2 protein chains.
Amino acid sequence: MLSDVMEDYLKAIYTLQMEQGPPVSTSDIAEYLGKTPPTVTSMVGKLEERGLVDREKYKGVELTTEGETVALEVLRHHRLLEAYLTEHLDYSWSEVHDEADALEHHISEEFEKRVAAALGEPEVDPHGDPIPSADLTPPDSSGLSALSECEVGDHLVVARVSDRDPAELEYLSEAGVTPGTTIEVTDIAPFGMVTVRVGDDGREQSLPESVARTIRVRPPDEPSSEEVSPA
Amino acid sequence: MLSDVMEDYLKAIYTLQMEQGPPVSTSDIAEYLGKTPPTVTSMVGKLEERGLVDREKYKGVELTTEGETVALEVLRHHRLLEAYLTEHLDYSWSEVHDEADALEHHISEEFEKRVAAALGEPEVDPHGDPIPSADLTPPDSSGLSALSECEVGDHLVVARVSDRDPAELEYLSEAGVTPGTTIEVTDIAPFGMVTVRVGDDGREQSLPESVARTIRVRPPDEPSSEEVSPA
DNA sequence: ACCACGGATTAGATGCGTCTAAAGTAAAAG
DNA sequence: CTTTTACTTTAGACGCATCTAATCCGTGGT
């Protein structure tokens with residue numbers, strides 16, 4: 001029996017591990033969750049007692065296999081909910097995150113199953129984030145790079161965007177930068193600003209480095225298995 | 001900012017007030033929620049401080065207008081969820097209660113609005129319980145009587161059944177006793193057992209008094225405004 | 001090597017929701 | 001009118017998640 005809060009910590013640690021690799025620092029977790037560092041230290045201690053994380057004092061923390069499984073379960077709930085709200089309840093791309101955060105801890109396995117079925121067992125959510133499979137094996141998101149690492153002239157397909165900031169999502173949606181869209185990098189300013197030509201209508205759009213860093217892209221074409229359609 | 005737990009207490013008090021009228025006793029609340037009486041006393045004190053209930057020590061408790069509004073909001077969530085799960089996620093009649101209990105505290109106003117829209121602003125849930133309207137005015141369920149109070153020969157339409165016990169619901173569903181069904185009382189045993197002829201197929205079904213007491217019925221026909229269809 | 005500084009941990013407190021055990025009260029029964 | 005009984009409340013404790021204030025590493029600069 002894990003509390004909602006513990007699930008949130010595990011999800012946070014998982015996400016931070018994906019972004020920066022383990023070990024994850026106390027203050028990064030605190031920052032991510034909006035808690036103070038002592039609070040995190042105390043919570044991490046409890047997670048360690050339960051065998052959900054490995055920890056080295058003053059160093060950092062890393063999920064155990066068991067902890068990762070819990071994180072993936074929560075993430076599966078979260079992303080299925082995002083997909084369901086978008087597809088069946090007419091939510092827009094940028095509205096779903098908070099609702100999914102609130103609900104993810106409270107749905108039953110039965111609910112999870114029925115939502116997944118209603119959606120046709122999807123593999124990505126509306127932001128392009130992979131939905132962990134029902135058996136909770138870690139999804140593989142290799143083959144993607146950050147838009148901020150690309151070069152002028154690159155032709156790319158948007159694969160994932162961060163779902164954390166609704167305002168940013170609103171902006172990207174407006175700009176047409178959505179999972180599945182093809183873009184071309186037309187300019188990179190010295191301070192990291194990336195300019196891209198978007199999709200078919202040839203619009204140009206400049207994105208600050210902070211945003212470009214959160215956008216994952218893949219090479220275009222080479223007939224791949226799944227295709228993502230924008231909201 | 002009310003906690004989930006406080007919402008549960010208000011919902012419980014509302015329900016008990018509907019069943020037995022105010023005031024509601026500490027031990028009834030404790031029984032209903034599966035808590036100990038001291039726990040209830042303590043919680044009721046906090047609700048009183050916030051102006052959600054009126055209380056007379058050693059007597060009992062009653063919702064204020066404000067407390068009733070909160071209870072109706074939670075009940076609206078609960079019953080909309082029950083209806084949605086039944087209609088759109090293929091849940092059966094008897095499965096929805098626990099899921100709705102878990103989710104009712106965590107959905108946003110936006111979610112409530114969209115679910116209500118997806119259902120076409122329904123007025124009753126699958127068990128026949130009235131769904132409070134969006135403006136949270138108390139629903140009126142006069143004109144209904146308990147099946148246990150009826151007499152041999154009465155022709156009746158099932159209006160509501162209790163949603164609390166899945167096993168009982170399973171049994172009633174099996175028996176064909178669902179909201180909207182027409183029944184005729186054919187026998188009443190001295191210890192309260194009621195026998196009814198159900199619907200068109202003329203099956204006879206005996207119901208213990210404890211069950212008959214939770215079934216609400218109304219007179220048939222007289223062309224009424226809304227009609228309820230069984231799950 | 002030393003020391004200073006940034007980040008991490010311990011110490012100690014708070015509010016919530018819960019419990020058990022003990023004390024109190026009200027109403028029915030004698 | 002007194003006593004019993006059933007129910008309610010007070011007292012005191014606990015675990016969780018959180019905070020602030022104080023202390024404690026460990027590492028990079030001199």
Side-chain angles (χ1 to χ4, degrees), chain A residues 1-14 16-17 19-63 67 70-71 74 101-102 104-106, chain B residues 1-14 16-17 19-63 67 70-71 74 101-102 104-106:
Chain A
M1 287 298 89
L2 295 183
S3 67
D4 300 2
V5 174
M6 284 179 174
E7 290 184 354
D8 280 335
Y9 277 82
L10 294 172
K11 190 175 61 148
I13 295 167
Y14 180 87
L16 291 168
Q17 273 185 192
E19 283 175 11
Q20 350 172 311
V24 175
S25 78
T26 300
S27 45
D28 283 352
I29 300 171
E31 156 97 41
Y32 189 92
L33 291 173
K35 307 281 166 69
T36 60
T39 301
V40 173
T41 299
S42 137
M43 191 64 219
V44 160
K46 289 169 195 165
L47 295 174
E48 190 183 24
E49 278 175 17
R50 297 189 187 223
L52 297 163
V53 301
D54 284 334
R55 178 160 88 116
E56 225 179 322
K57 275 201 179 164
Y58 293 97
K59 285 301 202 306
V61 77
E62 181 172 0
L63 294 177
V70 174
V74 178
D101 256 5
E104 65 191 6
H105 307 295
H106 306 286
Chain B
M1 285 300 89
L2 295 181
S3 67
D4 299 3
V5 173
M6 285 180 172
E7 291 184 354
D8 281 335
Y9 276 83
L10 294 172
K11 188 175 60 150
I13 295 167
Y14 180 88
L16 291 168
Q17 274 186 192
E19 283 174 11
Q20 350 174 308
V24 176
S25 79
T26 300
S27 44
D28 284 352
I29 300 171
E31 157 97 40
Y32 189 93
L33 290 173
K35 307 281 166 71
T36 62
T39 301
V40 173
T41 298
S42 136
M43 191 65 219
V44 160
K46 288 171 195 165
L47 294 174
E48 191 184 23
E49 278 175 18
R50 297 189 188 222
L52 298 163
V53 302
D54 284 335
R55 180 161 88 116
E56 226 180 321
K57 278 203 178 164
Y58 292 98
K59 284 300 200 308
V61 78
E62 180 173 359
L63 293 178
V70 174
V74 178
D101 256 6
E104 65 190 7
H105 308 294
H106 305 287

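We name chains A, B, ... by the order of the sequence lines, and we start the count at 1 in each one. Because the structure is a prediction, the values reported are computed rather than measured.
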Residues at least two apart in sequence or cross-chain that pass salt bridge (charged side-chain N to carboxylate O under 4.0 Å, His left out) with B:Arg55, listed by chain then number, are B:Glu48

Q.
When you compare the side chain of B:Val61 with that of B:Leu47, does any pair of heavy atoms fall below 4.5 Å?
A. no

Side chain proximity check, A:Val24 to A:Glu62, heavy atoms < 4.5 angstrom: no

What side-chain donor-acceptor pairs closer than 3.5 Å can you find for residues 4-11 of chain B, not counting sequence neighbours?
residue, atom, partner, partner atom, Å
B:Asp4, OD2, B:His106, NE2, 3.3
B:Glu7, OE1, B:His105, ND1, 2.6
B:Asp8, OD1, B:His105, NE2, 2.8
B:Lys11, NZ, B:Asp101, OD1, 2.8
B:Lys11, NZ, B:Glu104, OE1, 3.3
B:Lys11, NZ, B:Glu104, OE2, 2.7

Contact check, residues 48-55 of chain B vs DNA chain D, heavy-atom distance under 4.0 Å, returns B:Arg55

Just so I know, are the side chains of B:Arg50 and B:Leu2 near enough to count as touching, which here means a heavy-atom distance under 4.5 Å? yes

Going 5' to 3' through nucleotides 17-26 of chain C and flagging B where a protein heavy-atom sits under 4.0 Å of the base, S where only the sugar-phosphate is that close, and - otherwise, we get BBBBB--BS-

* Asked: Does the side chain of A:Ser25 come within less than 4.5 Å of A:Asp28's, by heavy atoms?
  -> yes

- Are any of the side-chain heavy atoms of A:Pro23 and A:Lys59 separated by less than 4.5 Å? no

| task | Assess the side chains of A:Thr39 and A:Ser42: does a donor N or O sit below 3.5 Å from an acceptor N or O? | result | no

- Item | Residue A:Glu19 excluded, over 12 heavy atoms near CD under 6.0 Å | yes

Is the number of heavy atoms from other residues, nucleotides or ligands under 6.0 Å of A:Glu31 CD greater than 12? no

**Close side-chain approach of B:Ile13 and B:Val53, heavy atoms under 4.5 Å** = yes

Report, one pair per line, the protein and nucleotides 12-15 of chain D atoms (nitrogen or oxygen only) whose separation is under 3.5 Å.
none

Here the distance between atom P of D:dC16 and atom CG of A:Leu47, to the nearest Å, is 12 Å

A:Val44 and A:Thr26, any side-chain heavy atoms less than 4.5 Å apart = no

Of all heavy-atom pairs linking A:Ala30 and A:Pro37, the shortest is CB-N, 3.9 Å

Rounded to whole Å, the NE2-C1' distance (A:His105 to D:dA17) equals 14 Å

Residues in residues 21-33 of chain B with a heavy atom under 4.0 Å of DNA chain D, by number, are B:Ser25, B:Thr26, B:Ser27

